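Here is the structure we will look at.
All residue numbers refer to positions in the sequence shown, counting from 1. Since the model is a prediction, treat every value here as computed from it, not as a measurement.
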Amino acid sequence: MDASESRAFDREELAGVPRERRAAITRAAGRVAAGIEPSALMAIRLPSADLSALPMLLEAQGVGALCGCSSLGLVSRDVATAMDDVVRRTLERGEKLAADRRAIRKAVESEGIAFAPIKGAWIADRAYVVPEARPMADTDLFVGPDYLERTTNALALLGFRASEETWKHRVLRRDSDLRVVSGVIEHPDNPRPVELHPEPREAFRGIEGRIELNATNQLAPHLEDIDDAGQAAIIAAHATVDALGRSLRLVSLVDIARLATVLPQSKWHEVIERIPQPEGARFLYPSLELAARDLGASIPRDVLATLRARILPSLARWVDRQDIDALSVQSRGQVERDLFEIFRIWPLDTVEHAAVWRFILWPDRFQLADRYPKVAASRLWPLMYGRHLAFSVAQLGRRIRMRRREPRAGRR
């Protein structure tokens with residue numbers, strides 16, 4: 001099957017797989033992809049309709065190539081062919097991303113610029129036996145604010161040009177990155193932009209968490225590396241934000257589980273102090289707990305207990321109730337939620353409550369750029385607010401329809 005013949009991502013088809021079964025598949029696939037339980041998927045008996053959607057589901061969760069066809073056991077020829085296609089496309093794209101990383105490193109090093117790969121660009125080489133099997137949408141680099149312009153100029157020699165800026169990064173694209181070639185997620189020729197981060201930070205609903213780094217000079221005198229604890233904090237915080245926004249991809253938790261196999265246990269005690277208190281623990285605990293509980297990641301229990309003690313009890317209970325699939329894009333519109341869920345579990349005080357309301361009602365331009373990058377980069381950027389208003393009205397309607405309903409008195 002050629003990449004051009006591969007089935008495009010179909011959210012409706014994935015939503016058609018019953019939620020409980022999809023949740024079981026997701027947990028099992030995570031354990032396979034993390035190398036913790038290689039036979040976990042074989043233990044799930046699936047009807048043929050769900051089996052046909054399995055390659056697409058694993059690709060959507062970012063673990064298709066990490067699981068591979070052999071993890072499914074005996075399947076039909078069509079399913080095996082589709083799964084092999086996912087693996088082939090992911091590895092081909094991964095090879096191009098690896099070549100990007102090598103070219104980027106050479107270009108940046110030649111200018112004596114302090115930098116470090118972060119997120120997928122770091123962990124693929126740090127914790128995966130086959131780095132190309134770990135999918136990435138882009139290449140993330142921490143360059144520090146003093147190096148942002150110099151790095152932009154250095155990467156211009158590779159054809160990258162500044163495309164848009166958001167509240168946390170600058171996006172660089174080549175001409176080949178300006179359009180999506182195919183609707184399949186891991187198409188080798190789909191865009192592979194670079195994101196430059198002048199500060200390592202994450203935010204959710206207008207509340208920010210800044211990661212404190214312990215920069216070392218282990219690679220070369222003129223290069224700035226980030227220690228493992230700082231990298232782990234970045235990865236965990238990013239996964240938590242995706243989970244809270246219900247856009248979590250399973251591969252983000254697999255990253256944590258794989259990192260737990262290569263980091264000394266003592267390193268996780270450093271991780272929990274990398275985002276200053278009192279806000280830090282809430283950016284770390286949800287993703288670390290989900291990875292430990294559902295994938296079997298070897299996060300020390302005393303680290304999880306320390307983090308849990310530092311967060312709101314309502315957030316801890318929220319994590320206890322979630323399954324990984326419920327926090328994914330595939331489950332939007334299928335999972336009941338409290339209408340004001342975020343206000344119960346996220347802000348710590350009245351100032352933060354106000355920040356959340358402001359983000360929901362009238363975010364600033366660079367916050368909206370994450371959602372509407374093309375409009376944000378043009379002179380028509382004020383139109384983002386019209387689109388935001390329409391999005392907010394539609395989102396409110398969806399949330400009202402999917403709000404958690406308490407049983408009426410007298411009903412059984």
Please find out if less than 6.0 Å separates the ring center of Trp381 from that of Tyr372. no

Could you check whether any side-chain N or O of Thr240 sits under 3.5 Å from a backbone N or O of Ala237, counting only pairs where one atom can act as donor and the other as acceptor? no

Could you tell me if the side chain of Lys119 sits less than 4.5 Å from the side chain of Ile234, heavy atoms only? yes

In Arg174, Arg173, Arg179, the residue satisfying salt bridge (charged side-chain N to carboxylate O under 4.0 Å, His left out) with Asp177 is Arg174

Mind checking the OG1-CG spacing from Thr26 to Asp325? Nearest 0.5 Å is all I need. 4.5 Å

Taking the side chain as every heavy atom from C-beta outward, state whether Arg365 and Tyr385 have any pair of such atoms under 4.5 Å apart. yes

Any donor and acceptor pair, going by atom type alone, linking the side chain of Glu273 with main-chain N or O of His269 inside 3.5 Å? no

Filter on side chain to side chain donor-acceptor pair (under 3.5 Å), then keep only pairs touching residues 247-256, sequence neighbours left out; what's left? Tyr128-Asp255, Arg134-Asp255, Glu186-Arg249

Between Asp140 and His169, does any side-chain donor sit less than 3.5 Å from a side-chain acceptor? no

Under 3.5 Å, is there a donor-acceptor pair between the side chain of Asp338 and the main chain of Phe340? no

Can you see whether Arg371 engages His388 through a side-chain donor-acceptor pair at a distance of less than 3.5 angstrom? yes

Any heavy-atom pair between the side chains of Val194 and Asp138 that's under 4.5 Å? no

Within the distance-only criterion (no hydrogens, no angle test), does the side chain of Arg274 pair as donor or acceptor with the backbone N or O of Ala229 below 3.5 angstrom? no

Side-chain donor-acceptor contact under 3.5 Å, Trp167 with Asp364: no

Between the side chains of Arg358 and Glu352, is the shortest nitrogen-to-carboxylate-oxygen separation below 4.0 Å, so that they form an ion pair? no

Using a strict 4.0 Å threshold on nitrogen-to-oxygen distance, state whether Lys168 and Asp370 make a salt bridge. no

Is it true that a side-chain atom of Arg258 and a backbone atom of Ala33 form a donor plus acceptor pair closer than 3.5 Å? yes

Does the ring centre of Phe142 sit less than 6.0 Å away from the ring centre of Trp122? no

Report yes if some heavy atom in the side chain of Val32 is under 4.5 Å from a heavy atom in the side chain of Leu66; otherwise report no. no

So do the side chains of Leu304 and Trp268 get within less than 4.5 Å of each other, counting heavy atoms only? no

Val319 backbone acceptor or donor facing Arg293 side chain under 3.5 Å: yes

I'd like to know if the side chain of Gln330 reaches the main chain of Arg19, judged simply by a donor and an acceptor atom lying under 3.5 Å from each other, with no hydrogens or angles considered. no

dist Asn153:CG -> Tyr147:OH (nearest 0.5 Å) comes out at 14.5 Å

Any donor-acceptor pair under 3.5 Å linking the side-chain atoms of Arg22 with those of Ser331? yes

Assess Arg282 against Trp346: is NZ or CZ under 6.0 Å from the centre of the six-membered ring, and within 45 degrees of the ring's axis? yes

Do the charged groups of Glu92 and Arg89 touch, with an N to O distance under 4.0 Å? no

Any sub-3.5 Å donor-acceptor pair from Glu95's side-chain atoms to Thr90's backbone N or O? no

If you round to the nearest 0.5 Å, how far is CG of Asp323 from CZ of Arg27? 6.5 Å

His197 side-chain N/O to Glu199 backbone N/O, donor-acceptor pair under 3.5 Å: no

Counting distance only, does the side-chain N/O of Ser314 pair as donor-acceptor with the main-chain N or O of Arg344 below 3.5 Å? yes

Is any side-chain heavy atom of Arg93 closer than 4.5 Å to a side-chain heavy atom of Asn190? yes

